[in-house]
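Okay, so here's the structure we're looking at.
Whatever order the structure lists ligands and atoms in, that order sets their numbers, starting from 1.
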Amino acid sequence: MKPAPFSWHGPASVAEAVSLLAEVGHEGKVLAGGQSLVPVLAMRLASPAHLVDINKIADLAYVRTDADGVTVGALARHRDVERDVAAGAAQPLLAQALVNVAHPTIRNRGTTVGSLAHADPSGEMTCVLALTGGSVTAVSVRGERTIPAAEFFLGPLESALAPDELAISAYFPRAAPFSGSAFVELSRRHGDYALCGVGTVVTLDPDGAVVSVRCGYLSVSDTPLVLDLTQAWAAGPEEAAEVARAAVDPADDIHATAGYRRHLAGVLTGRSIERALARART
Ligand SMILES: Cc1cc2nc3c(=O)[nH]c(=O)nc-3n(C[C@H](O)[C@H](O)[C@H](O)COP(=O)(O)OP(=O)(O)OC[C@H]3O[C@@H](n4cnc5c(N)ncnc54)[C@H](O)[C@@H]3O)c2cc1C
């Protein structure tokens with residue numbers, strides 16, 4: 001199928017983009033890497049009359065790391081984030097998760113902020129934003145606002161962004177001292193969306209005792225699910241797996257049954273925590 005006809009706009013600045021978005025309102029869509037939107041248009045699951053293509057706004061193509069964390073501009077491609085050494089040192093979960101996102105060709109074009117705006121509960125970066133307690137900053141003609149991860153994902157493919165808002169950046173806090181992280185997932189073929197994925201952050205005290213175990217889940221709930229498994233892990237790996245299995249709410253689809261995904265949530269919880277714990281201790 002071919003997309004329905006649309007008008008293309010190529011603003012050269014954020015101000016121009018938000019003014020266009022205000023003008024076209026519900027009839028418009030932002031085009032970033034196009035790796036999710038173009039298939040949606042081609043299948044006519046959406047038929048916006050206007051596409052506001054942000055690829056000419058060079059100011060949005062950055063990955064910046066400071067003492068607090070990593071800020072990713074709306075035109076930073078997944079691959080830019082994955083390969084950024086300073087970002088990887090500040091928040092290792094970014095690269096740990098990104099290597100699981102599709103294939104390098106798709107990561108060369110798809111943007112991390114676009115992935116968050118798409119709000120797919122099977123997306124690795126939605127899980128990382130939720131697990132790290134990050135945020136998304138958006139701009140419209142009404143001004144700028146920063147939306148915490150806990151308020152950003154409203155449902156499958158539904159974010160808190162208004163139709164006239166442009167997400168300009170995402171912020172991922174720096175990993176805490178004495179912490180370690182890991183990201184594990186299972187998919188039918190390498191590069192496919194995960195049947196289930198688990199990201200983990202383990203934090204130790206200076207003596208090496210575990211003080212916090214938090215896991216984020218993808219593909220097993222409508223919005224990214226984050227669990228505090230500190231108590232459960234202290235009771236043993238099987239207890240942590242049981243808490244995870246009870247908390248997830250997967251659906252049956254052509255790729256896997258809900259029961260299998262639930263089983264995976266338990267198994268991958270253990271693997272992810274073990275790996276994060278080993279990293280925290282090195
Ligand atoms: C074969 C294939 C496999 C894939 N596998 C995975 C996978 O395993 N894991 C995964 O996470 N992703 C996967 N993806 C999706 C990929 O990560 C996309 O790049 C990403 O989801 C969307 O980013 P994009 O820049 O391409 O956004 P687009 O496709 O351009 O946009 C996606 C949506 O977000 C909106 N949007 C984009 N940017 C903004 C912005 N700055 N402000 C407001 N709204 C915005 C658009 O209007 C649109 O609704 C896959 C894609 C393909 C084609």
Does an N or O from [X], backbone or side chain, lie closer than 3.5 Å to an N or O of ligand 1?
X: G33; result: yes
X: V113; result: no
X: A74; result: no
X: T111; result: yes
X: L31; result: no

Should one rank G110, A17, C127, S36 by closest heavy-atom distance to atom 20 (C) of ligand 1, which comes out on top?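 Looking at heavy atoms only, S36 sits closest to atom 20 (C) of ligand 1.
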If you measure from atom 26 (O) of ligand 1 to every heavy atom of E165, R107, E124, Q35, which option wins on shortest distance?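 Looking at heavy atoms only, Q35 sits closest to atom 26 (O) of ligand 1.
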Of the protein's non-hydrogen atoms, which lies at the shortest distance from [atom], and what is that distance?
atom: atom 42 (N) of ligand 1; answer: A167 N, 2.9 Å
atom: atom 44 (N) of ligand 1; answer: A117 CB, 3.6 Å
atom: atom 37 (C) of ligand 1; answer: G114 CA, 3.5 Å
atom: atom 15 (C) of ligand 1; answer: Y193 OH, 3.2 Å
atom: atom 49 (O) of ligand 1; answer: K29 NZ, 3.4 Å
atom: atom 3 (C) of ligand 1; answer: A102 CB, 3.6 Å
atom: atom 47 (O) of ligand 1; answer: V30 O, 2.6 Å

For ligand 1, which atoms, with element, lie under 4.0 Å from some heavy atom of I106?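 The list of qualifying atoms is 1 (C), 2 (C), 3 (C), 51 (C), 52 (C), 53 (C).
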Atoms in ligand 1 flagged as close to L161, the criterion being non-hydrogen separation under 4.0 Å: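 Heavy-atom distances to L161 below 4.0 Å select 43 (C).
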Have a look at ligand 1 and work out which part of [X], if any, has a heavy atom under 4.0 Å from it: side chain, backbone, both or neither.
X: T126; result: neither
X: L37; result: both
X: H78; result: side chain

Assigning hydrophobic clusters by single linkage (Ile, Leu, Val, Met, Phe, Trp, Tyr; side-chain heavy-atom cutoff under 4.5 Å), is Y62 placed with I57?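 No, no single cluster joins them.
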Are more than 12 heavy atoms from other residues, nucleotides or ligands located less than 6.0 Å from atom NE2 of H103?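 Result for NE2/H103: enclosed.
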